[in-house]
Amino acid sequence: MAIRRYKARSIQEAISRIKEDIGPDAMILSTRRLPKSADHRNLFEVTAALEKPAAVEFRDRLEAQEPSVSNPGNREPEDGFRAGRGESDRCGTLRVDDLNAGLFSIKDMLLVIDQGGGLPEFLQRFPESLNWYAKLVTAGVSERQARKIMIRSLEKAPARPLPMEEITKRVLRTVSGMIRISDPFSSPNGSSRLSAFIGPTGVGKTTTIAKLAAVLSLQQKKSVGVISVDSYRIGGVDQLRTYAGIMGLPCLSAFSPRDLQTAVEKMRDKEIVLIDTAGRSHLDRDRMMDLCRFMQGSLQISCHLVMSAATDRTDMREVADHFSMLKPQTCVFTKLDETRRKGAMIDQLALMKMPISYITNGQRVPEDIVSASRRSVLKLVLSGRP
Ligand SMILES: Nc1nc2c(ncn2[C@@H]2O[C@H](COP(=O)(O)OP(=O)(O)OP(=O)(O)O)[C@@H](O)[C@H]2O)c(=O)[nH]1
Ligand SMILES: [Mg+2]
C-alpha cells in the first residue's frame, strides 16, 4: 500500500509538498506533531496515501484493530452517540464516516485552507485534529465557528497527542452542547395549543404543517385543526385545505386578526391548532408588521420560525433577526435534503440560542419530517449527504 510520511516545519508546508509530490488527489490519513528539531523549531508529520482505496483500507485496518467511537459494537457511548456501520434510523443509513473525522484529499484540504485564510492556530498544539476541523468547514459550519468548536473541544485536553477517538468524542460533545431541543407538542405542561409557523416565502411552512398535522392526528391520535391566514397568495388557503381534506381535519381561513379569533374560538375543542401564515420577505417591513398584528393579539399563539437549511448563512442570520420581533419559541429547519452543507444550521443555532423542534428532509407528506434530537441534528449535519 502506498503510504508516505512527510515531515515539515508547518502542516501547510507538508500539505504543499504532498501536493507537488503525489498530486491533489492524495488522501491525508493523519497529522501529528513531532518532538521539536535540534534548533527548537516545530516539526509536524503528515501521513498521506496515494489513492483513496489505499487510504480506506488503511483506515479500516486501524478501526478493526481498535474499536473507536465510530464503531463501538452495540454499546451506546455515554454521550449518546453511536455510529456503527449501516446503522439506520429515521435520518437514513449512517455510514462509518458520518460521525468521525473522515478522510480528506489534499484538494479538499486546500479548499478548507483557502476558505479560512490559512490554518488556525490551535492546530499547532493539536495537529491531529486537522481532519475534524476540515470536516466541520466542509459540512458548511463557518470557519470562525469551526475554530471556536475545536478550541472549546480541546481547551482542557492534555498536552499529549490525542487519539482520534478522543477528539471525535470531544467535538461531538461540544457541538451537541450547542443544540437545544424542544418539542412544542409533547412537553407535559408547557405544550402550546395554538402554534403558528412563520418564515420567508417558500421555505416549506404549509408542507411542514401538513406533515405535522398527519403525525399528530393520525399517529399520535390528537385532535387537530388547521387555520390558514395566508390570504395574500391566490391558492394559499387551498393548499392547506387540500391537505386537511385528505386527512379529514377541519380547516378554516382568517383574513383579519378578528377572523383569526373567531376561527380559534370555533376550534376550541381541538387539542392542537396549527396556523399557517403567508411567507413574507423579512425585508418587507409592512408585511412583517401585518404578521405581528395577527400573532400578537390576546390569543396566546406560539410562533415557530421555519427556515430552509439551504439558505446562505448570512441570509439565514438576517431572517432570524427580523423574525425575532415575533418571539418565536422554536425553529424548524427544512430542505435538509437540498444541501450537503447543512452546517449553517449550527452557526445559526449557536447565534440565536433558540431550540430546534423539527427538521424536514424531503417533499413527502408525512414521511419527511424528523422530531429534532441532538443525535438527529448531528447526523444530518455531519453526514455531508443531501
Ligand atoms: N426538498 C424539499 N422540499 C420541500 C421540503 N419542504 C417543503 N418543500 C417544498 O418546497 C416547496 C414550497 O413549500 P410550501 O410548503 O408551499 O412553502 P411555504 O413556506 O408554505 O410557501 P409560501 O406559503 O409561499 O411562503 C414545495 O414544493 C414543497 O414540496 C423539504 O423538506 N425538502
Ligand atoms: Mg404556504
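Order of appearance sets the numbers: ligands from 1, and atoms from 1 within every ligand. The analysis underlying the following values was restricted to heavy atoms, covering all of them including side chains, and did not include hydrogens, waters or symmetry mates. Throughout, residue positions are numbered sequentially from 1 according to the sequence presented.
The nearest non-hydrogen atom to atom 10 (O) of ligand 1, considering only Q363, K335, R364, comes from K335. When the heavy-atom distances from atom 17 (O) of ligand 1 to G204, S281, A310 are ranked, the shortest goes to G204. Of the listed residues (G199, G279, G202), the one carrying the non-hydrogen atom nearest atom 21 (O) of ligand 1 is G202.
Contacts between N361 and ligand 1 below 4.0 angstrom, taking non-hydrogen atoms only, involve the backbone exclusively. With a 4.0 Å heavy-atom cut-off, ligand 1 is reached by the backbone of K205 and by its side chain too. Contacts between D337 and ligand 1 below 4.0 angstrom, taking non-hydrogen atoms only, involve the side chain exclusively.
Within the structure, salt bridge (charged side-chain N to carboxylate O under 4.0 Å, His left out) pairs that include any residue of residues 136-148 comprise E143-R147 (at least two apart or interchain).
Heavy-atom proximity to T360, at under 4.0 Å, picks out these atoms of ligand 1: 30 (C), 31 (O). Of all atoms in ligand 1, numbered sequentially from 1 with element shown, those under 4.0 Å from a heavy atom of E338 are 1 (N), 2 (C), 3 (N).
Side chain to side chain, Q363 and D368 fail the donor-acceptor criterion of an N or O pair below 3.5 Å.
Ring geometry for F185 versus Y358: interplanar angle of 30 to 60°, hence tilted.
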>> Show, in sequence, the C-alpha distance, side-chain angles and deciding distance for R9 and N42, and conclude whether the side-chain hydrogen bond (donor to acceptor under 3.5 Å, both in side chains) test is met.
In response: CA-CA 6 Å; R9 300 275 179 216; N42 286 330; over 6 Å; no
>> Please determine whether side chain to side chain contact (heavy atoms under 4.5 Å, CB included) holds for the pair M178 and L349, giving the CA-CA distance in whole Å, both sets of side-chain angles, and the decisive distance to 0.1 Å.
In response: CA-CA 7 Å; M178 296 161 65; L349 289 172; 6.0 Å; no
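On a distance-only criterion, T207 and ligand 1 share at least one N/O pair closer than 3.5 Å.
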Report all side-chain donor-acceptor pairs from residues 323-333 shorter than 3.5 Å, counting only partners two or more places apart or in another chain.
residue	atom	partner	partner atom	Å
S324	OG	D321	O	2.5
T330	OG1	H304	ND1	2.7
T330	OG1	S357	OG	2.8

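Between K205 and the options D276, L240, T334, L305, a side chain to side chain contact (heavy atoms under 4.5 Å, CB included) holds for only D276.
Residue T206 counts as close to the Mg ion (ligand 2), with an N, O or S atom under 2.8 Å.
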